[in-house]
A.B. asks: 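The structure is given below, and queries will be raised subsequently.
Values in this document were obtained by computation on a predicted structure and should not be read as measured data. Keep in mind that the numbers below use all heavy atoms, side chains included, and drop hydrogens, waters and symmetry copies. Numbering of ligands and ligand atoms starts at 1, following listing order.
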Amino acid sequence: MAVDPNILHSKLKTFFGYDAFKGDQEQIIRHLTDGKNAFVLMPTGGGKSLCYQLPALLMEGTAIVISPLIALMKNQVDAIRGFEAGDAGIAHFLNSSLNRAQIAEVQEDLLSGVTKLLYVAPESLTKEENIALLKSIKISFYAVDEAHCISEWGHDFRPEYRRIRSIVEEIQLAPIIALTATATPKVQSDILKNLRIQDAKVFRSSFNRPNLYYEVRDKVEPEKDIIRFIRQNPGKSGIIYCLSRKKVEEIAQMLCINGIKALPYHAGLDAKTRAENQDKFLMEEVDVIVATIAFGMGIDKPDVRFVIHYDIPKSIEGYYQETGRAGRDGMEGQCITYYSYKDIQKLEKFMQGKPVAEQEIGKQLLFETVAYAESSQCRRKLLLNYFGEDYPADNCGACDNCLHPKARFDGREEMSLVIELIEALPERFKLEHLAAILSGVSNAMIKSYKHDKLSLFGAGKDHDMRFWQAVIHQGLILHYLEKDIENYGLISATDLGLEFYLHPTELMLVEDRTFSEGEDDEDEDSAAAVRGGGGADEVLLAMLKDLRKDVARKLKLQPWVIFSDPALEDMTIVYPLTIKELSEKCQGVGEGKARKYGQPFVDLIAKWVEENEIERPDDFVVKSVPSKSGNKVYIIQSIDRKLDLEGIASAKGLDMDALLSEIEAIVATGTRVNLNYYINENLDPDVVQEIYDWFRDEATSDSLAEALAALTPDYEELEIRLVRIKFLCEVAN
Ligand code: ADP
Ligand code: MG
Ligand code: ZN
């Protein structure tokens, strides 16, 4: 059924409200309406859905859309119903979340021909009653969305996806369109083969995201580095990915305590909290979401400005997907990854319990990630090459390796040696194996092939394995070598490579980067305070104490209200020179306090630093999470939302006393809470005023014990504690 192009455009406008097609959409839709199979490779956000939604509305019969996630299905169905003014029955979904009545409604609409689009989960597609139902209606075509789920080399393999072809044959044949954002050659070939659509026309868009900046950082003090990064990017939205739920919780808390608005997101949280946290991120009530990879699927926040991988992702596919959530509006998107080889070893350890085949795949994917992380080549080039795409420019201008290029060397002899070895071997081998032979490193595999007896064994032993791996990797990118995608990883030389071998020319290569070993954070509390090595500056400390006394006298306040002793000590260690540094680098000093009292202090410090030519540490104190309890963040947020303290306490199974202790601990770290809504409602204003005055005029420290001793039994302990918190937050902090 050829469709008039004018009709296509007018339907695009009337159904979806768009003025023009994006990328290849129009060609893809035409191809499908012509009754032919199609394979669509388009990055996330490229507009794949429209490629089947629009033809479904135009063609005779019902289009079956196979999609892995119930949440995605529901969103899409709602969207179509919203776009198309007609009958709500135009789009339906069939999955395990429906009740009987809902299923009956879907059946009725299908049989009466109202439904143009039916979304099904692969599990539902395989059910007998559904097959019978679909046999009795006309199918316009099948769309297999997120088609990488067919391949074990994708990052979310779904075994039921493998049965799609046989079920399609059972129901009735119709054109198939497969769509995915995972474009590695291996996944692509798996999809085509498994769906038996090798004749499909392949529509491939570029996977380049020119506005994304890629950087891999050494994983040394990553918490601190992340805080610094976020402070340098104030008010911007960002996602931080961690591999474990525990890490997600820890990092989210650590950020909150350090004055960054952050929330956790992982599958271990209940659905309500998850939805709330996600909404707050979308509504920009929080800047940062700390998440496992459970977060992000189907999220369409256009202005995510940074994506940080606290832990290295398990595959390049995952990395590309997750970083892809930055800068969807085409504007700034910074992608920072922390890498240490320790993390890789941890991931390998996790794999050990899995079936051998899965382990093999997992290791290979991980190996690619390591190669990416350690490479000194353009990151964009590496990524695109991984997806089978060439990036023509030499310097992309937007990755760490292009901005800080490493020295290159003429590697023509080295590349020739690699090709010579490959040609000398009667069989094909993996990259690591070739590198081991050249560097003369023996292992069980080498011995079993007797490759340690080869004349080329150790022919390049001036260099280590990593060096040779880097050379081979660059050979792949230059197309001198290629990797057999069916036998994942086996390397051979291309015609281009053989040509180079016969007539070598200058070939500039670059060695890999080296990273530090990485810290072992298994047992230690990662959010522990990172302190300067003791050694406070005693003279400066005395001067600061004098200054504090003067200021206190002038303002008629107690000295401790101005700055606590620990805060002064921090000042003599990190030497803050600005109000901002003062609040960021010193324990117990919040922004408000720094602004109120800080100026003479930083002036004094600046003078001292200059006179004594002190080298300031490029350092700040990461404020630590006071206890291991996960309640702190919840409490801070609940108070922000002005919830009753009784309600907060009961939600967390605490009594009032324990809740107040938690709040006191929060306030002690310099975080401010505003309890006025509760105090005004529940305490006598005169009582509040009297207690408040006592703290201002008579207290000699912020000690709770001192206050209780002085004020009870005239006032209730609860009253004293609440007003103390109020006072600390308003005046002291
Ligand atoms: P994908 O499935 O490839 O990740 P989607 O189909 O979800 O992408 O589309 C991504 C975004 O692009 C959506 O917000 C969609 O509404 C929008 N979009 C799709 N096609 C067009 C178009 N022709 N013009 C403008 N926006 C479009
Ligand atoms: Mg999609
Ligand atoms: Zn680059």
A.B. asks: Ignoring angles and geometry beyond distance, decide whether Tyr18 reaches within less than 3.5 Å of ligand 1 through its nitrogen or oxygen atoms.
C.D. replies: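 Yes.
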A.B. asks: List every atom of ligand 1 that sits less than 4.0 Å from any heavy atom of Pro43, numbering the atoms from 1 in the order shown and giving each element.
C.D. replies: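 Every atom of ligand 1 under 4.0 Å from some heavy atom of Pro43: 3 (O).
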A.B. asks: Thinking salt bridges, do Asp464 and Arg466 make one under a 4.0 Å N-O criterion?
C.D. replies: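 No, Asp464 and Arg466 are not salt-bridged.
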A.B. asks: Could you tell me whether Arg380 sits above the aromatic face of Tyr214, with NZ or CZ closer than 6.0 angstrom to the six-membered ring centre and within 45 degrees of the axis?
C.D. replies: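 Relative to the ring axis of Tyr214, which defines the angle, Arg380 lies outside at least one limit.
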A.B. asks: Side chain, backbone, both or neither: which part of Phe21 comes within less than 4.0 Å of ligand 1 when only heavy atoms are counted?
C.D. replies: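 Backbone only.
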A.B. asks: Just to be sure I'm reading this right: ignoring hydrogens, which of Lys22, Gln25, Glu26 gets closest to atom 20 (N) of ligand 1? Compare them by their nearest heavy atoms.
C.D. replies: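 Comparing heavy atoms across Lys22, Gln25, Glu26, the nearest one to atom 20 (N) of ligand 1 lies in Gln25.
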A.B. asks: Could you tell me whether Met42 approaches ligand 1 through its side chain, its backbone, both or neither, with non-hydrogen atoms closer than 4.0 Å?
C.D. replies: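 Neither part.
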A.B. asks: With atoms numbered from 1 as shown, which atoms in ligand 1 lie under 4.0 angstrom from a non-hydrogen atom of Ala20?
C.D. replies: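 The list of qualifying atoms is 22 (C), 23 (N), 24 (N).
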A.B. asks: For His309, run the ring-ring contact (aromatic ring centres under 6.0 Å, His included) check against Tyr338, Tyr339, Tyr319 and tell me which one passes.
C.D. replies: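 Among Tyr338, Tyr339, Tyr319, the one that satisfies the ring-ring contact (aromatic ring centres under 6.0 Å, His included) with His309 is Tyr319.
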A.B. asks: Would you say that more than 12 heavy atoms from the other residues, nucleotides or ligands in this model lie under 6.0 Å from the CE of Met508, or not?
C.D. replies: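 Yes, because the 6.0 Å sphere around CE of Met508 holds more than 12 heavy atoms from other groups.
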A.B. asks: So with a 6.0 Å cut-off around NZ of Lys201, is the heavy-atom count from everything else above 12?
C.D. replies: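 Counting neighbours around NZ of Lys201, 12 or fewer heavy atoms of other residues, nucleotides or ligands fall under 6.0 Å, so no.
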A.B. asks: Working to 10°, measure the angle at the Zn ion (ligand 3) formed by atom SG of Cys378 and atom SG of Cys399.
C.D. replies: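 Taking the Zn ion (ligand 3) as the apex, the two atoms subtend 120°.
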A.B. asks: Relative to Phe281, does Lys301 satisfy both conditions: NZ or CZ under 6.0 angstrom from the six-membered ring centre, and within 45 degrees of the ring's axis?
C.D. replies: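 Lys301 over Phe281 ring: yes.
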A.B. asks: To the nearest 10 degrees, calculate the angle at the Zn ion (ligand 3) involving SG of Cys396 and SG of Cys402.
C.D. replies: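 Result: 120°, to 10°.
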